[in-house]
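Encoded as structure tokens, the structure appears first; notes follow it.
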Amino acid sequence: MNINNKTSQSAGIKITNNWFAILVSLLFLLFPLVIKNNYFIDVAFFFGIYTLLGLSLNIVLGEVGLFDLGHMGFAAIGAYTTAILNTSFGIPIFVLLPISAIAAAIFAYLVTSPIIHLRGDYLCIVTIGMGEIVRLTLINNPFGITGGPNGVFGIDFPSIGNLLIIDNSVKFYYFIWVAVGLTVLALIHLQDSRIGRAWNCIREDIIAAEASGIDVRYYKLLAFVLGAALAGVAGSIYASKLMIVSPESFSFMESCMLFCIVLIGGMGSIPGIFIGAAAISLFPEIFQTFAQYRMLIFGAALVLMMMFRPGGVWPRKRGKLSTESMLIKAGKSEI
Amino acid sequence: MKNQIEENGNKTISSIDREIVLETNKLTKRFGGLVAVNQIDLKVSKGKISSIIGPNGAGKTTVFNVITGIYQPDDGQYFFKGEKISNLKPHQILSKGIARTFQNIRLFKGMTCLENVMSGQHARSKSGIWPSIFRLPSQTLEEKKIQEIAERRLKQVGLSDHKYELAKNIAYGSQRMLEIARALASNPDLLILDEPSSGLNDKESEDLVNFLNELIKEDLTILLIEHDMNVVMGISDWVTVMDEGKKIAEGKPEEVYSNPIVIEAYLGKEEEEEN
Amino acid sequence: METLLKISDLHIYYGSIQALKGISLDVKKSEIVSVLGANGAGKSTLLRAISGLVPVHKGEILFREKTLKRRESYKIVIDGISHVPEGRHVFATLSVEENLNLGAFNRRGNQKLVSERKERAYDLFPILKQRKDQLAGTLSGGEQQMLAIGRGLMSDPELLLLDEPSLGLAPLLVKQIFKIIKEINERGIAILLVEQNARKALAISNRAYVLETGNVTISGSSSKLKDDKKVQEAYLGGTALKKQKNHFLLKSNI
Amino acid sequence: QKDPVVIGLQGPLTGSAAVEGEMAKQCVETAALMVNEKGGILDGRMIEIELVDDAAQPKSGALAAMKLVSMKEVVAAIATYGSSVTQPASDIYEKFNKVNIAYGATVTELSERGLDYFFRTCGRTDTQGMFFAEEVVPYFEAERVAIMHDNTSFALGLAEEAKKFLLEAGTAELVYFDAITPGESDYTVPLTKLRETNPDLFYFTGYFSEAALIIRQAREIGIDAVFVGGDAAINEDFIRIAGLEYASGCYMTQEALIEYFTNPEAMEFKEKYQEAYGSLPSSPWSVYAGDALMVLAEAIDKTGSTDSDVIADYLKNEMEEFPSITGSIGFDEKGDRVGTGINLYVVNDDGSYSIVER
Amino acid sequence: MSLVIEQLLNGLTIGSFYALIALGYSMVYGVMKLINFAHGDLFALGSYLGYTLLVMGTAYVTSILGIWGGMIAAMLVAAIGSGVMGLLVERIAYRPIYPTGRLPAVVSALGVSIFLQNAIMVVWGARPQAYTSDVIPSNILTIGGLRINILQIIILFLSFLLMGILYYIIQKTTFGAAIRACALDRETAALMGININLIIFFIFALGPALGGTAGVMVGVYYRRISFIMGWNYGLKAFTATILGGIGNIPGAMIGGLILGVLEMLGSTYISTPYKDVFVFLVLILVLIFRPRGILGEKVAEKV
Ligand SMILES: Nc1ncnc2c1ncn2[C@@H]1O[C@H](COP(=O)(O)OP(=O)(O)OP(=O)(O)O)[C@@H](O)[C@H]1O
Ligand SMILES: Nc1ncnc2c1ncn2[C@@H]1O[C@H](COP(=O)(O)OP(=O)(O)OP(=O)(O)O)[C@@H](O)[C@H]1O
Ligand SMILES: [Mg+2]
Ligand SMILES: [Mg+2]
């Protein structure tokens, strides 16, 4: 977020209002400078990770309406790609970031293409199964490369030579939020493009979408591939932050939490994802003082949240297209 | 009886000799034991309005669904502008130039009217993922064109004022028109309408007829299913009658209207309650 | 004649949208009353309010002098009102027979009674008997409409609410359906009929109301409405087309 | 009233390992009570526990560690239970120079990373694995050995060390080596597979909860091999779930079984714990957490300092044979505990345990 | 050969537990189109309720009613307890949310699941608990080299009986047709004079009640129960539901049984730790060829 305010202004993006976006971005930018406590910065880092994961799932679930409850599997592929290639071959994290994204994307393509035609809940169980297959395979240490239940550890910090070494909480904080900011920018652009529209059409009515010339299969796969790639990036950053990856980080429960992020915020709503991710990542920390009772409270909070805001806290509003102001400008210069 | 049908069919077919855009050849579709469409031969002439009529369950919608790729046929082929399009997927069919509406309106309900119509142009635009993400000039330009065309189509169906409203929030009759606008947005050569006047009152049906009569002046062919004889007789150049999956008659509206087979199967005897 | 249903000053909201803005209407025993109106005028909403599917915001609905406000739908059925919804809504994966059985759900204990009523429905719609084991979802539109009406009669109602029964039906079937409506009425069942097909509706009903954006604008006996200028203009359009049709008719000598 | 000395406890209070976290909390509180009742440390300062939950998740573990290190008043941490959670947590403690003592993380590599502030009061899997292969197998004169684990860090580690030393020793044949999935109820299928290999010694390295199901189901389908559990396998709950008729006669390789300790510290601990919670802790790891508190209290008290370097230095170089709950404790250069005695125990007919003299 | 039969029997036993739980999933899904993620935890709750009655009352119940009577009493208590809780959950967590669509209800269901699981942990403790042997009949029969637990036979019989009764109600009675009608179109069902609330009541009481009963059976058969067992069994049962065809009652039964047998096969012939991988792969394969599960009917979707 912190970096997108400048660009977003020039591109004429409205999240709701520009000033609001700027305010939020500024808040994110200044946060670690004001709050010097590493714990809070780390909490904010994981908030960022969940935001990125939420954004990635939002493509699949929010935009296209595909019921994905195994999304952590993609993050796992990204995280393990980074972990294994870094620890075995010493490839730097920044190089592995795109590689992890591609690995997760390829994996998503391979596993979802035979089942992409399934509807609703049937797709849901397949994604659950996919997530579980990934996790179980990781635990079983195939070919001795995943470290089994121990996972892979000793992962490097991201660095570019000696120029930039991301080795403390503050730097990681900026690292993840820059990634989030760029992603948000890209996704806002996508939302109001023919691709974003095609996704939404599929969500609204598959048959009408097909009959309107949308290659449903292609766009569903595209969503999965893109969502997986982003999740792969999140996994990769996650791995370099913790310096260890292990299977329990990618459980079914975690996938469920991502699902909650998207719905708490509001399907297909980018600002909503921030709210959802905040709820999921901050609540448990806020409730630390309740120790054993904290998950109890968390569960109840989920129910309450849905009771009072079933459409999400910040649902996507449709109306004027965000591209419109820009189009007028572009149009003028063109004609 | 059977002879009579064939005789009738032969006689009528011979009376058209225009350019054919769509042609089906022994099209057959079964659902389990039911033969919903039974060896249907259909010819649709360019630049005209053709109608399919027939009792409920005759298989009319099924013919549309097969032609537009939603169902795969069990037998037979179909050709569009001389090209075989059997077994293509719906989106491929649309790219070839056949657009359609549905018997039960299928809009993208949660999207605005404008977005609905813009979506109709999906196949006529091509910006890929990277140009979209980076909002390259080419993509911006294309978006602008898409929007312009969409607005023009909305205006054509009289929905300009509702462009930012969600499709589900506009009146039923408007929804029908919006669906037609969406189909038109793809700039089709052949427009297929499934009971466009269903749910409209007489007044609205009349408006629809006028609209279609205007529309046909564009470089376009229209094929429609209708139960409202006022509409069918008012605008069709050619009428095909189906019953129980088979074609039982075809011809000019007035021929069909007076065909005893059609009357028996479909129209029923006119009663004198209406005057 | 005894008043069966009496509605006064009915207001209905969907969220913030007001669908009905103070409607008053009544149906007497054994009569057919039709409700005409453009799309979105609130015709279906009226029927849905009567059968308790949407909450009443303001106003009163009395059925045999008992209020239906806040009464649950299933009880309203038991009271003697049967509603055949717009768009048929047959239970697609249930067989025709099961659909009919459900129509008499409140009498499910009494096998004999249920079979009797079923036979009556089959009498009215012989085609359904042939299809009794077929899944309702695979019936054609007309058959589904017949099933929906037949099912509505299974509860042996005093008042039948019909929402656009001719929607999407072939002319032959439309005629048939209207004939059946008349027949049903002749058995003493009062009918509140919502129709787009104004001409036909006026032809069989005793009285009619015209609904426009949530208000009753015209009402009276059907024959009076048929001659009303405004009604003719708005709902009985297509006179030009009609002439054309009659022309074909003449030609075909039927 | 002087300021208390705050010691952090990181553990899985929720999630699938919540039972361990709960008991660790109870043990640490009991140990703190023992210290505080004697007048506390540093001339009358009381020990206070700061609890953080890591839900047995690496991510939450990192956050929990960060939370503790960012609290100035927390002097040192008892952290944590699972090995894969301990890994990132210990990295954080290391970075912020805070002494951390793990109580359930037995994976060998953890202490091989050259950390200065990492300690553990629990043993390493390799010593136990060696003990099994070199002492237990010959004791039973076993020829055909089956090893089963549950694919958790700990159980897999122990199973693999046992396998390694068994193959090295070459005295017995390893006829079965496989994993089950923890948390399920029915293990008859893998057990039937195991039965077909006809072992005479059956080593299960997982946890009591599954061990109890497995011993029952194994006996019911006719496996009569000697059953030996790892040090997480057999405890009160094991006996309760399996039933005495199945539990008696089972063996275990065990470092510190609280029931069996009779040193004064253990007796006092047991008494206090039982008073507060009614029974004894059923997990050995939680008692190690109690040990960790005793050790930290001692180090702070003796050095008179709450400085991490001083404490770490004291633990590594000065502390020898400190009498704690589970016997005498000292640490080597890597932070691993020295001076534990692994033993083979047997469950008696009345549900008590005794050490098997070899 | 006897080995195969023995294994098959084991697979069927676990499968029948899955089936009993899956029925609850499937019924609720059928009518409400809601994946009731809390269902597994209602099952666990039943298990703990039975445990409380049988074990915490230190065999008091058993001494009065006898071992079998005690077991039946425990099942009844669990069925009632889980059923009542199911109704409460429906009232509090689902009813206000249905009208707004399916997905928010999924989140709510997850919330309930987390809540219940942790509530069980707080009430009964995080330690696993055991149905101790003094309250459980246990007998191993050896018939011609075949070792069979009598309990296994009884449980199989009982679950088939329960499933049979349910099948009859749903498929053969008008009340069952009403349930299926509600599953298709609740509003129209109301127009038939069907009391929708009664149906929902029935569904949300009966599903969890079956689950609760299964909970006691699991406790009695395997003895160990833990607060997280609901999550594991729930996931498996959900898988079974889909495998059979969601919303389809016979499908849920068959799905459960097949899943149990699949687990057995995977564990025996592939690899024990990869068993679940095998199960999910088979599931995916089945769905590729039968996109609506084994018995999932082809929906007459008219366009
Ligand atoms: N998906 C399907 N599965 C099974 N049967 C079907 C399916 N779609 C259509 N049918 C059957 O095929 C026959 C033809 O149906 P179709 O919808 O084409 O009729 P139609 O002529 O459009 O009728 P209407 O005028 O009522 O719309 C009907 O008997 C119908 O029940
Ligand atoms: N569920 C709903 N939520 C919000 N608004 C609704 C809903 N149902 C109907 N409306 C609105 O209420 C008004 C009346 O609708 P209703 O369906 O009663 O009209 P109708 O006269 O039956 O029209 P039609 O001829 O299309 O059936 C319309 O403006 C419609 O958009
Ligand atoms: Mg049709
Ligand atoms: Mg209506």
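Here the structure is a predicted model, which is why all the values come from computation and not from measurement. Letters A, B, ... mirror the listed sequences (proteins, then strands); counts begin at 1.
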Does [X] use its side chain to pair, donor to acceptor, with the backbone of [Y] at less than 3.5 Å?
X	Y	result
A:H189	B:I133	yes
A:E210	B:P90	no
A:R194	B:S125	yes

Please state whether the side chain, the backbone, both or neither of [X] comes within less than 4.5 Å of a heavy atom of chain A.
X	answer
B:K109	both
B:I129	both
B:E142	side chain
B:T68	neither

Q | side-chain contact (heavy atoms from CB on, under 4.5 Å) partner of A:R197, the single match among B:Q121, B:H122, B:M111 | A | B:M111

Q: Write out, in numerical order, the residues from residues 51-58 of chain A with a heavy atom short of 4.5 Å from a heavy atom in chain B.
A: none

Q) Relative to chain B, which of A:C201, A:A211, A:A186 shows the most heavy atom pairs under 4.5 Å? A) A:C201

Q.
Below 4.5 Å, heavy-atom pairs only: which of A:G213, A:A209, A:A198, A:G196 has the largest tally toward chain B?
A. A:G213

**Q.** For A:Y218, all residues meeting ring-ring contact (aromatic ring centres under 6.0 Å, His included), sequence neighbours excluded
**A.** none

Atom pair [atom1] ([X]) and [atom2] ([Y]), whose distance is rounded to the nearest 0.5 Å:
X	Y	atom1	atom2	answer
A:I207	B:R106	CD1	CZ	4.0 Å
A:D192	B:Q147	CG	CD	9.5 Å
B:N116	A:D205	CG	CG	10.0 Å
A:S212	B:R182	OG	CZ	4.0 Å
A:L190	B:S132	CG	OG	6.0 Å
A:I214	B:F108	CD1	CZ	5.0 Å

Q | Contacts of A:A105 that satisfy side-chain contact (heavy atoms from CB on, under 4.5 Å) - sequence neighbours left out | A | A:V225, A:A229

Q) Closest heavy-atom contact between A:E204 and B:G110? A) OE1-N, 2.7 Å

**Q.** Winner by heavy-atom pair count (cut-off under 4.5 Å) against chain A, out of B:K126, B:K145, B:K89
**A.** B:K126

**Q.** Choice from B:G120, B:S127, B:S95, B:C113 maximising heavy atom contacts with chain A below 4.5 Å
**A.** B:S127

Q: With a 4.5 angstrom heavy-atom cut-off, could you sort out which part of A:L187 is near chain B: side chain, backbone, both or neither?
A: neither

Q | Test salt bridge (charged side-chain N to carboxylate O under 4.0 Å, His left out) applied to A:D215 - qualifying residues, sequence neighbours left out | A | none

Q.
Can you confirm whether more than 12 heavy atoms, excluding those of A:Y109, are under 6.0 Å from its OH atom?
A. no

Q) Hey, is CZ on B:F134 packed in by over 12 heavy atoms from elsewhere, all under 6.0 Å? A) no

